[in-house]
Amino acid sequence: MSGKSDIKLIENGVRLDGRKPDELRPIKMEIGILKNAQGSAYVEWGKNKAIAGVYGPRVMHPKRLSNPTESTVRVTYNMAPFSVEDRKRPGPDRRSVEISKISSEALSKVIETHLYPDTSIDVFIEILQADAGTRCVGLTAASLALADAGVPMRDLVVACAAGKAGGEVILDLFKDEDNFGEADLPMAIAPRTGEVVLLQMDGQMTNEEFEKGFDLAYNGCLKVYEMMKQALLAKEVQQ
Ligand code: CDP
């Protein structure tokens with residue numbers, strides 16, 4: 001049977017969307033876009049569109065969940081019903097619970113949570129349009145929103161994925177590469193210390209390919225980090 005899975009994902013070093021193997025999709029970042037959140041950001045990354053809004057540190061509700069030694073970072077990742085081709089059923093599902101959890105863990109690594117015992121820092125990530133890599137886009141938006149809210153952090157969290165498609169190790173997979181490729185390797189780092197705060201992989205790669213993918217994703221994060229710093233500076237200049 002012939003179908004979309006027969007398409008050549010990469011030919012003569014050029015991907016279906018015209019990118020080179022180590023090229024990121026175009027990225028646009030805007031900070032402070034919501035009036036009612038303490039901090040917010042909008043990130044367009046290829047065809048992905050994500051908004052993040054931050055509240056806190058604020059008194060934790062319900063109180064029994066509060067931690068007397070530090071603030072609790074709670075992330076809610078949500079995909080809008082219209083964000084994907086087949087309407088997504090509204091509300092949480094296993095995937096969104098997983099992405100919320102790994103995002104909370106990644107952000108907790110850089111936030112100075114010990115400064116705010118008994119509180120919560122609530123981060124909401126809304127995916128308006130999805131085209132693979134939304135956990136990275138969402139985390140990047142969340143990190144910018146936290147900075148916008150003035151939440152003390154040791155570092156920003158920066159995320160980017162690499163993977164394998166059409167037999168090649170490539171940076172920042174878009175939907176067709178994610179669907180019909182061999183592997184996806186999302187990563188998030190705290191660039192100042194070089195600490196890896198998220199690393200996941202699905203699919204298959206050899207040891208050598210994994211190492212190449214790791215380096216590609218890491219360097220991709222560093223490029224995104226430069227854009228984040230520029231976006232934050234631009235916001236400061238505006239104020
Ligand atoms: O988005 P990310 O790559 O972080 O997570 P994923 O679970 O690997 O999903 C890859 C892509 O599949 C998403 O970005 C969406 O474009 C798509 N997807 C979808 O079409 N419908 C869903 N219910 C979930 C994901």
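Only heavy atoms go into these numbers, but all of them, side chains included; no hydrogens, no water, no symmetry mates. Order of appearance sets the numbers: ligands from 1, and atoms from 1 within every ligand.
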List the closest protein heavy-atom neighbour of [atom]: residue, atom name, distance to the nearest 0.1 Å.
{"atom": "atom 20 (O) of ligand 1", "value": "Val84 CG1, 3.3 Å"}
{"atom": "atom 17 (C) of ligand 1", "value": "Lys175 CE, 3.3 Å"}
{"atom": "atom 10 (C) of ligand 1", "value": "Asp178 OD2, 3.6 Å"}
{"atom": "atom 23 (N) of ligand 1", "value": "Lys88 CG, 4.1 Å"}
{"atom": "atom 4 (O) of ligand 1", "value": "Arg135 NE, 2.7 Å"}
{"atom": "atom 1 (O) of ligand 1", "value": "Thr134 OG1, 2.5 Å"}

Output yes when the distance from some N or O of ligand 1 to some N or O of [X] is under 3.5 Å, and no in every other case.
{"X": "Asn179", "answer": "no"}
{"X": "Cys136", "answer": "no"}
{"X": "Tyr77", "answer": "no"}
{"X": "Gly133", "answer": "yes"}

For this session: Have a look at Glu98, Gln200, Arg95 and point out the one with the heavy atom closest to atom 9 (O) of ligand 1.
Result: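 Closest candidate by heavy-atom distance is Arg95.
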Exercise. Taking the minimum heavy-atom distance to atom 11 (C) of ligand 1, which of Ala161, Gly163, Ser96, Ala132 ranks first?
Worked result: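 Going through Ala161, Gly163, Ser96, Ala132 one by one, Ala132 has the nearest heavy atom to atom 11 (C) of ligand 1.
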For this session: Answer yes if the side chains of Gln200 and Arg135 hold a donor-acceptor pair under 3.5 Å, and no otherwise.
Result: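 Their side chains do contain a donor-acceptor pair, which is all the 3.5 Å distance test asks for.
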Give a yes or no answer on whether the side chain of [X] reaches the backbone of [Y] with a donor-acceptor pair at less than 3.5 Å.
{"X": "Asn48", "Y": "Ala132", "value": "yes"}
{"X": "Ser71", "Y": "Pro57", "value": "no"}
{"X": "Ser143", "Y": "Val157", "value": "yes"}
{"X": "Ser66", "Y": "Lys63", "value": "yes"}
{"X": "Arg19", "Y": "Val14", "value": "no"}

For this session: Calculate, to the nearest 0.5 Å, the distance between atoms CD1 and CD belonging to Ile170 and Glu23 respectively.
Result: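 Separation between the atoms: 11.5 Å.
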Problem set entry | Approximate separation, where rounding is to 0.5 Å, of Met29 CE and Lys235 NZ |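 It is 15.0 Å, given to the nearest 0.5 Å.
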Problem set entry | Lys NZ or Arg CZ of Lys223 over Tyr225 ring: under 6.0 Å, within 45° |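 Here Lys223 fails the 6.0 Å and 45° test against Tyr225.
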Exercise. Taking only heavy atoms of Ala130, which atoms of ligand 1 are found under 4.0 Å from at least one of them?
Worked result: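 Answer for ligand 1: 14 (O), 15 (C), 16 (O).
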